[in-house]
Amino acid sequence: MYDVLVVGSANADLTVRVERRPGAGETVLGTDLVETAGGKGANQAAAAARLGGRTALLARVGGDAFGELLLAAQREAGTDVAPVIVDAAARTGTAMIIVSPDGDNSIVVSPGANAALSPRDVAAAKDIIAASSVVSLQLEIPMESVRAAAATAEDACTRVVLNPSPAPEALAPELLASADPLVVNEHEARQLSGLTDGKPAEWAYALREKGARSVVVTLGGDGALVLDASGAQDVPGVRVKAVDTTGAGDAFTGALVTRLARGDALPDAARFAVRVGAAAVTRPGAQPSYPSLAELDELPE
Ligand code: ATP
């Protein structure tokens with residue numbers, strides 16, 4: 001029924017640019033507020049759907065205007081939002097983002113409805129999980145719900161892709177063992193492998209040693225490293241003028257899962273995902289920056 005079911009967070013990103021970050025007790029003036037659709041789960045679903053993957057999202061939003069904004073953005077991307085639970089009593093998750101001229105972000109996240117996405121919600125979506133080729137998971141919802149989604153997918157022989165972000169101290173062994181692949185950026189790779197230095201291939205082998213079935217390490221402008229049964233392979237980056245890297249990792253993962261669902265081998269799916277990640281950094285914002293297949297053709301080889 002679906003190529004990809006994303007189980008994860010949906011946040012309204014509220015962004016203001018400032019000349020300088022306020023100190024404790026201080027007030028500064030900023031630009032007009034910009035509201036965009038974000039949250040790692042919603043971002044990955046939007047990326048997958050925009051690339052033509054048959055995509056559904058299991059998430060929770062509040063019965064407020066931000067919830068409407070997030071649902072509208074998913075519908076526009078082509079995601080089936082039927083599994084999204086609108087909780088009239090909750091507030092939609094928000095990320096309050098302050099951007100200073102050096103490009104550094106300070107972010108406060110209010111999880112809101114995301115914190116209520118429960119193992120019971122996952123159990124109610126059992127048939128959708130079984131009817132999907134891939135379930136894509138991140139860590140912005142309660143950990144017990146992520147574990148329930150991975151276990152339900154395993155029982156149904158649905159492939160699990162896990163992006164352990166924000167980086168936890170450690171992952172439960174059975175959750176790590178369900179990841180095929182585990183998709184990590186450099187920071188997450190170091191944190192979870194326990195290797196503070198070394199090379200991406202070493203982090204990937206260490207993560208496989210710890211139980212992941214396969215591993216992808218994303219490397220910003222340098223592309224990615226893939227480790228599967230055929231060994232480790234570098235996937236070179238695509239040279240572009242980076243304008244805003246927000247949500248690039250989610251664009252990558254959304255693209256990767258779409259191709260895995262269609263039967264691509266992991267290195268081929270990663271080559272496609274590197275192009276999608278590169279396209280996403282050429283435009284501002286997270287979801288608004290995600291390309292369609294037609295837009296990808298305009299990228300250099
Ligand atoms: P973010 O937290 O900004 O969403 P991330 O740290 O999870 O990103 P990265 O490894 O920085 O993930 O980027 C993911 C993918 O996006 C890369 O594999 C690459 O395809 C693309 N990408 C990111 N930055 C650049 C860049 N400067 N030039 C080209 N491609 C990029």
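We count ligands from 1, going down the list as the structure has it; atoms in each ligand are counted the same way. Heavy-atom basis, side chains included; hydrogens, waters and symmetry copies ignored.
Around CD of Glu26, the count of heavy atoms belonging to other residues, nucleotides or ligands within 6.0 Å exceeds 12.
Contact residues of ligand 1 (protein heavy atom closer than 4.0 angstrom to a ligand atom; sorted by chain and number): Asn185, Thr218, Leu219, Gly220, Gly221, Gly223, Val238, Val240, Ala242, Thr245, Gly247, Ala248, Gly249, Phe252, Val274, Gly277, Ala278, Val281.
Between the Glu140 side chain and the Lys40 main chain, a donor and an acceptor come within less than 3.5 Å of each other. Side-chain atoms of Arg190 come within 3.5 Å of backbone N or O of Thr196 as a donor-acceptor pair.
Annotation: cation-pi geometry not satisfied between Arg54 and Tyr2 (NZ/CZ under 6.0 angstrom from ring centroid, within 45° of ring axis).
With respect to Asp268 and Arg259, no salt bridge is recorded, no charged nitrogen being found less than 4.0 Å from a carboxylate O. The pair Arg75-Glu68 fails the salt-bridge criterion, with no side-chain N (NZ, NE, NH1 or NH2) lying under 4.0 Å from an Asp/Glu carboxylate O.
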